[in-house]
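Order of the sequence lines fixes the chain letters, A, B, ..., with proteins taken first and strands second; residue numbering starts at 1 for each chain. Owing to the predicted nature of the structure, the values given are computational and were not obtained by experimental measurement. Worth knowing before you read on, the calculation uses all heavy atoms, side chains too, and leaves out hydrogens, waters and symmetry mates.
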2 protein chains.
Amino acid sequence: MSRILSRLPVTPPTLADVAERAGVSRQTVSNAVNNPELLRDDTLQRVQEAIAELGYLPNRAARNLRTRSSHLVGLPIKAVEEGTANAQMDRFVHSLVEASSAVGYHVLLFTGAQTGDPEDDLPGYDDLLRSTAVDAFVVTDTYLGNPQADWLNDRRAPFVAFGRPWNDPDARHPWVDVDGAAGTELATTHLIDKGHERIAWIGWRKDSLLGEERRAGWSRTMRARGLSTTGLASRVEDTVASGREASGVLLDEAHPSAFVCASDTLAMGVLHTLAERGLRAGPDVAVTGFDDSQVAQVVPPGLTSVRQPLEEVAVEVVKALANLLGPPSGDTRGVLLTPTLVVRGSS
Amino acid sequence: MSRILSRLPVTPPTLADVAERAGVSRQTVSNAVNNPELLRDDTLQRVQEAIAELGYLPNRAARNLRTRSSHLVGLPIKAVEEGTANAQMDRFVHSLVEASSAVGYHVLLFTGAQTGDPEDDLPGYDDLLRSTAVDAFVVTDTYLGNPQADWLNDRRAPFVAFGRPWNDPDARHPWVDVDGAAGTELATTHLIDKGHERIAWIGWRKDSLLGEERRAGWSRTMRARGLSTTGLASRVEDTVASGREASGVLLDEAHPSAFVCASDTLAMGVLHTLAERGLRAGPDVAVTGFDDSQVAQVVPPGLTSVRQPLEEVAVEVVKALANLLGPPSGDTRGVLLTPTLVVRGSS
DNA sequence: TGACACGGTTTGAACGATCCATTGAACGAT
DNA sequence: ATCGTTCAATGGATCGTTCAAACCGTGTCA
């Protein structure tokens, strides 16, 4: 019969065990854990001693059942894209986990239907919510046309977005985002200060509002400093190959001395072109990227890049979550954070 | 037969609701969900219709309470290291989440005490387990001296390791790992086939058994092909700077025509040296890395690298988990997978 | 004819916590 | 001595599910 060993040596102590040991009722122990201010000092201490002696920990499942909440937030993770250098997600996830645990929440990962169409993921959200597997979501990809935000809003599902609600300026969900234009402005100003005057832009296609915002930071800074932008902008796909190609054309036709890119991926494409033409990144042609990915950190001679304050973003996201799930204090709908510039050899 | 998506505010239907609608008892509905083979065909169908009509989903918390299991596996994530190019964890995590959900499990992230000392993380594991927050763990860092595995083993905590139990060859926990020596053998063979004879090794300090294993793949292949290894090996820290320095020294003293590195990080260091000396990676000096990180994919001219089958690893880990938590079928203690070589411009 | 086995279904009792209404004691004011 | 108020602590009901045992009609065999 004892062939099957119990996984844990003994069954963990319950509220009732602690209550008996401390000579109080279950409810009092519960209060000692959740509302200590309700107890008299001496009883509180007695209960806490009993808790410590028995090594009591509340059973999550029982608590979840009774309170109808799981203290879990769901984070959908999308497929890993091969070419693009967006490994920065790591940083965000790590901070999110840490910040969440500080307010008693854990992060649950899940994937969608894997069909590529975000539409197909939506039932997955619903199931998690209705089965009380998670209390809320954190969504990270609110590009234009992504149905997630709208869908979750319709269903009154609690969630916080990393990314502005581009398609619906007065959406009612809380969000946190990074000011992209401020980032490219930093990069452009930096290059101008270094003496560059013909500074090119390589960004994404026009339907990306995120891309257009970053572009605006470059163009407004150029204008403000009295520099021309005509013929200096290119809009392509977010791949190394596109960046390589676009920079080649720009070098031939517009002779820029520096490139500001909408992503590290595109900037890597520029580095490819420079390497092919025997030009040195930095001394000959300056390049800046966006994201401060690991690639930017290790590629020779180091890629100057705009760094998003992902740790801060995570903290703000968790604040919004706490506000959403706990007692609402203020209702700050959106938070916009400012990035910084990490200068390396490429500029 | 349209799927009913109820708004969140209304309480979701319960087992009892379904039972009433189908004209059966609660337990019968429960069986329809968990042990359909126990029901007569017509009853099963009736119940399934009721489930579909109401859009019923079992309440996770209640199920967890009753079955004393959470259907969650805990995955500790460590701090993001800045310099090193090991963002490959993404790939593993993604596959793990996917493979887990296929067998009804979700992945819960958590961080340790953030003190840097892994010793301090251990209570965190214990708490999660005892509060029935997770059923098991997946640990990923079983380097020599890491107390996790031993500690979990002592406590009979169910877990699967990605990484061999280096310090205890007959540890009793299941593990999955990648054959590092086979990987460097692939790289070395590839270089030899390309005509290289003086092939240098840059790896980690001797106390890393993982590093020694990778080194063995290089040295045994060299020996097997009748090539000398004397003076061609260097053991340093896993940083870009160390790789840069070590490759400089080797180039001066041993004149290798190719480098096999224990990591992409070290290989990037070699690329730095080559760039500084005006040497082209590939035509002039060949370089191979290990991990097939995103850096390897985007750095010009592309870094040849050993790619770990992380997707397969995840699948095997989940298999082991299922075996551990469900009815044990076989008891395969360890699984060793073989990596592949991704050839790019650097070789 | 009675005992027994069987597949399919039902019933009551957990699982371990919190919510809610209530009790008991303490205390100052009448 | 009585009353009202407040503060601490209690006991029972409850969350939604699964477990264990009981039930019931039918068929089989001694």
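Computed from coordinates, the A:Q45 CD to D:dA8 P distance equals 16 Å when rounded to whole Å. With rounding to whole Å, A:L15 atom CG is found 19 Å from D:dC15 atom P. A:I51 has its CD1 atom 13 Å from the C1' atom of C:dA17, to the nearest Å. Computed from coordinates, the A:E20 CD to C:dG16 P distance equals 15 Å when rounded to whole Å. Rounded to a whole Å, the CG atom of A:L65 is 13 Å from the C1' atom of D:dA13. For B:R26 and C:dT11, the CZ to P distance is 9 Å, given to the nearest whole Å. Counting to the nearest Å, the C1' atom of C:dA17 and the CG atom of A:N64 are 10 Å from each other. Atoms CG (B:N35) and P (D:dT17) sit 15 Å apart, rounded to a whole Å.
Between A:T67 and C:dC19 there is no side-chain N or O to OP1 or OP2 distance below 4.0 Å. For B:S25 and C:dT9, the shortest distance from a side-chain N or O to OP1 or OP2 is not below 4.0 Å. Between D:dG16 and B:T14, no contact under 4.0 Å exists linking OP1 or OP2 to a side-chain N or O. At D:dG16, none of the side-chain N or O atoms of A:R66 fall inside 4.0 Å of OP1 or OP2 (strictly under the cut-off). For A:R40 and D:dA9, the shortest distance from a side-chain N or O to OP1 or OP2 is below 4.0 Å. Remark: A:T28 is not in phosphate contact with D:dA9, judged by side-chain N or O atoms under 4.0 Å from OP1 or OP2. Proximity of A:N34 to the phosphate of C:dT18: a side-chain N or O atom is located under 4.0 Å from OP1 or OP2.
Looking at heavy atoms from C-beta onward, A:V138 lies in side-chain contact with A:L321 at the 4.5 angstrom threshold. Looking only at side-chain heavy atoms (C-beta outward), B:F137 and B:V160 stay at 4.5 Å or farther from each other.
A:R60 comes within 4.0 angstrom of no nucleic acid atom, judged by non-hydrogen atoms across all strands. Heavy atoms of B:R68 sit under 4.0 angstrom from primed sugar atoms or phosphate atoms, though from no base atom.
Each of B:E37 and A:R63 was assigned the nucleotide of DNA chain C with the nearest heavy atom; the assignment lying further toward the 5' end belongs to B:E37.
With C:dA17, D:dA9, C:dG12 as the choices, the nucleotide that has an atom nearest any side-chain atom of A:L39 turns out to be D:dA9. Closest to the side chain of B:V24, out of D:dT17, C:dA17, C:dT10, is C:dT10. For B:Q27, the side-chain atoms get nearest to D:dA20 when compared with the rest of C:dG16, D:dA20, D:dT17.
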Inset, instruction - Given salt bridge (Lys or Arg N to Asp or Glu O under 4.0 Å), test A:R46 with A:E49 step by step and report yes or no. - result: CA-CA 5 Å; A:R46 214 167 66 241; A:E49 275 166 17; over 6 Å; no
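Aromatic ring centres of B:H173 and B:F159: separated by under 6.0 Å.
Rounding to the nearest 0.5 Å places OG of B:S131 at 10.0 Å from OH of A:Y56.
Pairing for C:dG28 goes to D:dC3, judged as Watson-Crick or G-U wobble with the two contacts each under 3.5 Å.
The number of heavy-atom neighbours closer than 6.0 Å to CG of B:N35, taken from other residues, nucleotides and ligands shown, is above 12.
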